[in-house]
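Below is one structure, written out as structure tokens; comments come after it.
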There are 2 protein chains.
Amino acid sequence: MPSMVSEKTIERLSLFHRLLKDLQDDDVTHVYSHQLATKAGVTAAQLRRDVMVVGYTGSPSKGYDVKQLSLSIANFFEDPEGETAVLVGMGNLGRAILAYFNGRRPKLHIVACFDSDPHKINRVIHNCRCHPSDKIGEIVSKGEVRVGAITVPAAAAQKVADELVALGIKGIMNFAPVHLKVPPDVFVEGIDLALSLEKVAYFARQKNK
Amino acid sequence: MPSMVSEKTIERLSLFHRLLKDLQDDDVTHVYSHQLATKAGVTAAQLRRDVMVVGYTGSPSKGYDVKQLSLSIANFFEDPEGETAVLVGMGNLGRAILAYFNGRRPKLHIVACFDSDPHKINRVIHNCRCHPSDKIGEIVSKGEVRVGAITVPAAAAQKVADELVALGIKGIMNFAPVHLKVPPDVFVEGIDLALSLEKVAYFARQKNK
DNA sequence: TTAACAATGTTATTCTTTTCACAATAGATA
DNA sequence: TATCTATTGTGAAAAGAATAACATTGTTAA
Ligand SMILES: NC(=O)c1ccc[n+]([C@@H]2O[C@H](COP(=O)([O-])OP(=O)(O)OC[C@H]3O[C@@H](n4cnc5c(N)ncnc54)[C@H](O)[C@@H]3O)[C@@H](O)[C@H]2O)c1
Ligand SMILES: NC(=O)c1ccc[n+]([C@@H]2O[C@H](COP(=O)([O-])OP(=O)(O)OC[C@H]3O[C@@H](n4cnc5c(N)ncnc54)[C@H](O)[C@@H]3O)[C@@H](O)[C@H]2O)c1
């Protein structure tokens, strides 16, 4: 196993994993790299290269065994009983995300939510009771959860991040438009929709020239 | 001006632009590359390299003139009176995004929303009346809007994308977890939160080893 | 049995992006 | 004025990612 796999490869493997599960639902047993690659929107060469890192090997004539490859990727991710996460900031975006991940979605369950607004505290939203955010440390014991999502206003994001780090959280999805400072043993994925939209607008202008 | 600027550079320039506006609000007149870079979470060398593409040049002793650099980036983006966009899918996520962009946010206004659910049609949400999605072509005239956001279930996303493309839209933000097939003159930014979260979970596991 | 085929695993190559390094420069200092 | 300092702009080097190329291999069919 290579000591470090790139973020891009992890994203694609996760995507392949999802597509493979869809294929399984449709009772497809085998798939060729170029077929799966087309569904994923990548090249076959890249898919094969990504698949290398999980150690699974397909057959030149049958292609990949859907079930086996799916298992190999799951095994590579080594996420046995599904990850749990906490979410801080039960505003518009926080509620949408909670609905999404705690809906029919099986994996990665959000087990606790927090907000500072007294009107939201103790309300149960999407099977998740909203707790006061200054009680995080009491409700979630250190090391209990590895992943956190931040959907509070930009001004509060760093403070929340510090609290999550203190809780022992090692991965953060940050939707607030600020760069978070965290220790090197914490992974931050910054999702800045305003920037993404500006980018889309820029390239849209480029395209119709 | 280089004919093609990378997506990464556009994202960072947009980020710098935002940070420069914040500095202006605080009446800061000059800033050094390493200061701005720290706020942005990138290296100073990278920032300087990005700034090259907009053609602005700073002073070795004063650094960058905040106002001038901000103007230079805005000018490079050449987005005169602010972009407009349409949004299809007024579910949980669609409403959150609408609230976000049509709130105090000045730029990039969502001018029309669509949904197929009769219960949602004609309801006014965040200053935006929800129209029936099969009437897009009647409500938005071709070429009127350049950017679209898709927040419908995965199964409906490609169909919606086709309709947007037919409308002359050149840039799409797609939140549905599917790869969209569009003509080469349309730019698609796929935002797949489930994949992002899986990635965070993976690296969180890696980190605490 | 063996040749032909089509798809894989993997190495080599190309292309892109980031980092490094440093000459050039504007101002501050004496 | 001459010198010193800190920062810029940018070519060159390094690192990283995608693509191409091809030898290898399991299967089919003559
Ligand atoms: N809504 C979107 O689609 C969207 C898009 C892009 C980015 N964002 C970002 O996501 C964040 C949330 O956006 P939103 O639209 O949901 O805003 P929102 O105002 O609807 O929700 C913010 C929530 O955070 C809570 N909060 C504030 N300070 C807190 C604290 N210290 N601890 C715990 N909770 C706290 C508030 O009570 C509120 O419920 C913002 O940073 C915003 O910039 C949102
Ligand atoms: N909610 C989230 O945080 C979240 C996160 C990641 C991805 N997504 C994706 O975003 C999309 C929307 O998610 P959501 O949680 O808002 O779902 P949702 O079910 O709340 O909303 C979907 C909306 O789309 C409408 N719709 C369905 N078919 C349509 C059509 N053909 N034309 C127009 N409107 C149509 C529905 O009436 C509904 O209002 C999904 O693809 C989902 O996978 C959502």
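So that the names make sense, note that chain A is the first sequence line, chain B the second, and so on, each numbered from 1.
D:dT8 atom P lies 13 Å from atom CG of B:Asp65, rounded to whole Å. Note: OH (A:Tyr32) to C1' (C:dA6) measures 8 Å, nearest angstrom. One can place CG of B:Leu36 at 14 Å from P of D:dT7, the figure rounded to the nearest angstrom. What separates NE2 of B:His30 from C1' of C:dA28 is a distance of 15 Å, to the nearest Å. Rounded to a whole Å, the CG atom of A:Asp50 is 10 Å from the C1' atom of D:dA18. Remark: P of C:dT19 and CZ of B:Arg48 are 12 Å apart, rounded to the nearest angstrom. If you take NZ of A:Lys8 and C1' of C:dC15, they are 13 Å apart, rounded to a whole angstrom. Here the C1' atom of nucleotide D:dG9 and the NE2 atom of B:His34 are 16 Å apart, to the nearest Å.
Residue B:Lys67 places its NZ atom among 12 or fewer non-hydrogen atoms of other residues, nucleotides or ligands, all under 6.0 Å distant. Taking a 6.0 Å sphere around NZ of B:Lys39, one finds it holds 12 or fewer heavy atoms contributed by other residues, nucleotides or ligands. The environment of NZ in A:Lys181 is sparse: at most 12 heavy-atom neighbours from other residues, nucleotides or ligands sit within 6.0 Å. Atom CG of A:Asn127 sits in a sparse spot, with 12 or fewer heavy atoms from other residues, nucleotides or ligands closer than 6.0 Å.
With hydrogens and angles ignored, no donor-acceptor pair under 3.5 angstrom links the side chain of A:Arg49 to the base of C:dT10.
By the 30° and 60° cut-offs, the orientation of the rings of A:Phe114 relative to A:His131 is tilted. Relative ring orientation between B:Tyr56 and B:Tyr64 is described as tilted, the plane-to-plane angle lying within the 30° to 60° band.
Contacts between residues 54-62 of chain B and DNA chain D, defined by a heavy-atom separation below 4.0 Å, involve B:Tyr56, B:Thr57, B:Gly58, B:Ser59, B:Pro60, listed by number.
In this structure, a donor-acceptor pair under 3.5 Å is absent between the side chains of B:Ser133 and B:Asp115.
Regarding contacts with the backbone of D:dA18, a side-chain N or O of A:Arg12 is found under 4.0 angstrom from either OP1 or OP2. A close approach under 4.0 Å does occur between a side-chain nitrogen or oxygen of A:Thr43 and OP1 or OP2 of D:dT19. For A:Tyr64 and C:dG9, the shortest distance from a side-chain N or O to OP1 or OP2 is below 4.0 Å.
Closest to the B:Gln46 side chain, of the nucleotides C:dA7, D:dG9, C:dT19, is C:dT19.
B:Thr9 comes within 4.0 angstrom of no nucleic acid atom, judged by non-hydrogen atoms across all strands. As judged by a 4.0 angstrom heavy-atom cut-off over every strand, B:Ser6 is placed among residues touching the sugar-phosphate backbone only.
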